[in-house]
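Have a look at the structure below, then the notes.
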Amino acid sequence: SSLGARAPPPAAEASTPIRGGRGQLIRGPTRALKDISHLDSEKNSRIINQVERNNAEMERQQEEIVRLREFVAHLLNRADTYKSMYSAEDKARHQEIQSAIMKDGDRKST
């Protein structure tokens, strides 16, 4: 039982690239793939389709978030033309929202 004869730890083994079902190389941890390998191919196909639908939905939601941020920025720019009619509280809130959008925009661009 020398140190050189020991098997690699499971985490190192799990990070070995393998071929995916559709000819793509999968990098990173593959433990989840090993967990579902005993399932039948029909069930695997259903799981993969569900994951792909979920990913597409998340992408649509991210696009909607971007559109909403742009719309809020547009509204704030329009509101800038009417600043003289704002109360002090409205002006402070307007500045707070504008600052939050600018911070978030800076974070997204990096």
Side-chain angles (χ1 to χ4, degrees):
S1 144
S2 71
L3 292 177
R6 292 165 82 175
E13 180 182 309
S15 66
T16 305
I18 64 168
R19 286 271 170 196
R22 295 194 314 230
Q24 71 227 23
L25 185 63
I26 299 174
R27 297 193 183 276
T30 57
R31 182 163 299 212
L33 295 175
K34 290 178 183 179
D35 291 344
I36 65 169
S37 65
H38 68 280
L39 301 175
D40 62 75
S41 62
E42 184 180 319
K43 188 165 186 172
N44 284 343
S45 180
R46 286 194 312 263
I47 291 170
I48 289 169
N49 287 336
Q50 182 64 48
V51 168
E52 289 173 350
R53 283 193 304 270
N54 289 349
N55 288 342
E57 179 64 22
M58 286 189 291
E59 188 174 327
R60 281 190 295 274
Q61 290 172 351
Q62 288 298 319
E63 291 169 358
E64 181 67 14
I65 289 168
V66 168
R67 280 193 296 274
L68 290 171
R69 282 191 183 120
E70 290 171 353
F71 183 67
V72 169
H74 168 74
L75 291 176
L76 287 170
N77 287 335
R78 284 188 58 197
D80 278 340
T81 61
Y82 300 103
K83 269 189 177 176
S84 62
M85 299 186 316
Y86 286 178
S87 68
E89 182 180 310
D90 288 343
K91 287 180 184 177
R93 183 68 180 141
H94 178 269
Q95 186 60 41
E96 180 184 337
I97 293 169
Q98 211 163 25
S99 296
I101 288 175
M102 296 303 266
K103 282 183 197 173
D104 195 51
D106 290 344
R107 200 174 358 170
K108 294 287 182 196
S109 65
T110 56

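Note that the coordinates shown come from a computational prediction; the quantities given were computed from them, not determined experimentally. Positions are given from 1 along the sequence.
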Set of salt bridge (Lys or Arg N to Asp or Glu O under 4.0 Å) partners for Arg53, sequence neighbours left out | none
Straight-line distance of Asn55 CG to Glu52 CD, nearest 0.5 Å | 7.5 Å
Pairwise distance CD1(Ile97) to CG(Leu76) - rounded to 0.5 angstrom | 6.0 Å
Which other residues end up in the same hydrophobic cluster as Phe71, if Ile, Leu, Val, Met, Phe, Trp and Tyr are linked when side-chain heavy atoms come under 4.5 Å apart?
-> Leu75
Considering residues, nucleotides and ligands other than Glu64, do more than 12 of their heavy atoms fall under 6.0 Å from its CD?
-> yes
Gln50 CD to Ser45 OG distance, which is reported to the nearest 0.5 Å = 11.5 Å
Exercise: identify the closest heavy-atom pair between Asn77 and Gln98 = OD1-NE2, 4.1 Å
Approximate separation, where rounding is to 0.5 Å, of Arg67 CZ and Arg69 CZ | 12.5 Å
For the pair Glu63 and Arg60, evaluate salt bridge (Lys or Arg N to Asp or Glu O under 4.0 Å) and give the outcome as yes or no after the intermediate values.
-> CA-CA 5 Å; Glu63 291 169 358; Arg60 281 190 295 274; over 6 Å; no
May I have the step-by-step check of salt bridge (Lys or Arg N to Asp or Glu O under 4.0 Å) for Glu89 and Arg93, ending in yes or no?
-> CA-CA 6 Å; Glu89 182 180 310; Arg93 183 68 180 141; over 6 Å; no
How far apart are the C-alpha atoms of His74 and Arg78, what are their side-chain angles, what is the distance that settles it, and do they pass the side chain to side chain contact (heavy atoms under 4.5 Å, CB included) test?
-> CA-CA 6 Å; His74 168 74; Arg78 284 188 58 197; 3.4 Å; yes
